[in-house]
Amino acid sequence: MPSLLITGAAVATVDAAGTEHAVGHVLVRDGAIAAVGAGEAPPGTVADRVVDARGHLVTPGFVNTHHHLYQWATRGFAVDEGLFAWLTTLYPVWALLRAADVEAAARAGLARLALTGCTTTTDHHYLHPREGGDQLAATIEAAASVGLRFSPTRGSMDLGSSAGGLPPDSVVEDVEAVLAATADAVARHHDPSPSSTVRIGAAPCSPFSVSPRLLRETAAQAAELGIRRHTHLAETADEEEFCARTFGARPVEVLEDLGWLGPDVWLAHCVHLSDADIATLARTGSSVAHCPSSNARLGAGAARARDLLDAGVPLGLGVDGAASSEQGSLADELRQMVYTARLRGGPEAMSARDALRAATAGGAACVGRSAEIGSIEVGKRADLALWDLRGLGHADLDDPVVALVIGPTPPLALTTVEGRVVVEDGQLRTTSEERAVADLVAARRRVLARR
Ligand SMILES: [Zn+2]
């Protein structure tokens with residue numbers, strides 16, 4: 001692995017103290033950060049490749065904490081519907097997906113993430129049609145080809161419409177099948193090592209599509225396997241009503257009763273929370289994947305991100321599936337996070353630096369990798385994004401972090417994962433963007449032709 005020196009750039013390390021350098025350097029060796037500091041690199045610093053990065057900003061690579069990569073093949077459906085109507089439109093379409101379609105959709109979604117500064121992403125794949133093949137493996141294949149660090153989850157649903165759930169019976173599984181598939185995925189793909197590029201999680205879909213038994217048993221299994229847990233929670237007012245009707249409790253209370261909160265759990269959305277709910281999330285050490293664009297697109301509401309941060313809840317950012325947030329760019333979520341919080345709480349409710357922290361260190365906390373990624377510190381894995389701030393959108397903005405978050409998404413000069421170049425000069429270096437587009441279009445045609 002060639003060593004790399006980035007020198008002359010502004011550096012936002014996002015370490016615990018928020019250390020920044022107006023001019024600094026970062027040295028990468030053997031896939032890890034070997035040095036970071038103020039000023040140009042000290043004389044005598046040698047590297048196989050030296051990048052003169054004056055006028056640029058280097059940040060930790062972004063960590064996307066919530067996605068459904070398969071949805072990239074089904075963008076643009078039910079554009080003006082809320083969550084439940086949107087889901088009932090799309091479930092029958094998703095039931096037609098096969099592993100090859102999912103791989104093409106995932107590659108497109110992952111390419112988009114890479115091209116917007118992401119170096120790690122999760123995926124929540126909860127729909128496994130019987131004739132669909134191994135769709136989780138298809139997403140892992142796609143992530144390897146794009147070169148992102150990946151924390152896919154073996155998702156699940158077992159509450160079909162005949163049992164009072166929202167999804168049609170054709171796309172749900174039974175509990176035993178879910179547990180067996182999760183154990184198999186962990187045995188085949190999970191790597192717990194610090195430099196790991198694949199870590200599996202367990203992810204029942206949501207309170208309105210899974211049974212209490214599935215939640216209880218996946219919690220026990222995850223503890224046994226030593227893997228993290230993920231699910232959707234408190235996304236809409238409809239979900240709150242469903243939980244009140246079905247369980248006589250609020251969504252957060254339902255999950256706590258079923259042993260589904262804790263430091264090994266991260267929860268997507270958490271839009272509709274009471275003060276007591278926020279205190280419960282903080283007390284249990286649960287993390288939240290905040291998805292402000294998806295919440296806006298579905299009209300779900302504006303999450304209480306400021307209150308969650310103030311309560312000490314680890315908060316990451318997520319693009320959510322591309323069928324409910326068609327842009328799929330984590331860089332855009334930083335601005336959306338600031339704006340959403342300010343619409344709720346005024347100009348001081350969220351800063352550009354709060355958003356950068358959520359997209360990096362906060363995301364690393366969600367996926368349980370704070371010791372390895374999410375900040376630029378010696379010994380951490382070399383997952384970096386180098387933003388070019390010399391152009392029309394940014395050249396006159398003095399504060400580079402403000403330029404990145406509040407300005408337009410800057411051109412990406414470089415990203416590295418484990419020190420390996422993934423994007424350079426705005427182009428993928430690991431795989432072909434043109435091929436990804438062609439494969440995506442073909443996959444979408446195949447899926448729609450099966451209707
Ligand atoms: Zn989602």
Side-chain angles (χ1 to χ4, degrees), residues 63-75 77-79 81-91 93-94 97 102 105-106 109-110 112-113 118 121-128 135-136 139 150-157 159 165-167 171 201-210 215 228-240 242 251 255 260 265-272 286-303 305 315-330 333 336-337 340 363 366-367:
V63 179
N64 177 46
T65 60
H66 188 60
H67 211 326
H68 311 286
L69 288 164
Y70 71 89
Q71 291 182 9
W72 203 277
T74 61
R75 294 195 298 161
F77 281 81
V79 172
E81 300 283 5
L83 178 68
F84 282 16
W86 173 87
L87 278 170
T88 44
T89 303
L90 276 160
Y91 281 137
V93 182
W94 294 336
L97 285 163
V102 170
L110 289 155
R112 174 73 175 148
L113 285 174
C118 231
T121 187
T122 59
D123 190 47
H124 186 178
H125 197 87
Y126 53 80
L127 200 129
H128 300 273
Q135 301 193 356
L136 183 70
T139 65
F150 197 34
S151 289
T153 56
R154 207 305 176 170
S156 53
M157 303 192 290
L159 202 62
L166 199 64
V171 298
C205 187
S206 62
F208 53 83
S209 60
V210 309
L215 284 164
R228 292 184 73 76
R229 295 179 284 155
H230 182 48
T231 190
H232 294 99
L233 189 70
E235 182 173 357
T236 63
D238 287 343
E239 178 184 333
E240 199 171 299
F242 177 92
L255 277 206
W260 248 85
V265 174
W266 85 103
L267 304 160
H269 302 303
C270 293
V271 173
H272 297 270
S286 312
S287 311
V288 169
H290 177 35
C291 304
S293 293
S294 170
N295 298 154
R297 150 76 153 89
L298 290 171
L315 189 79
L317 275 173
V319 299
D320 202 359
S324 70
S325 183
E326 274 75 358
Q327 62 172 328
S329 152
L330 198 67
E333 295 300 328
Q336 189 70 36
M337 175 181 176
T340 301
C366 285
V367 298

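One-based numbering, in listed order, for ligands and for the atoms of each.
A centroid separation of 6.0 Å or more is found between the aromatic rings of F242 and F84. Taking the centre of each ring, F208 and H232 stay at or above the 6.0 Å mark. A distance below 6.0 Å separates the ring centres of H128 and H125.
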Is there a side chain to side chain donor-acceptor pair (under 3.5 Å) between D320 and H66 once you walk through the steps? CA-CA 5 Å; D320 202 359; H66 188 60; 3.2 Å; yes
Pair W86, L298 - check side-chain contact (heavy atoms from CB on, under 4.5 Å), show working. CA-CA 8 Å; W86 173 87; L298 290 171; 3.8 Å; yes
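Ordered by chain and number, H66 NE2, H68 NE2, H232 NE2, D320 OD1 make up the set of protein N, O or S atoms under 2.8 Å of the Zn ion (ligand 1).
Screening E333, M337, H269 for a side-chain contact (heavy atoms from CB on, under 4.5 Å) with C291, the sole residue that qualifies is H269.
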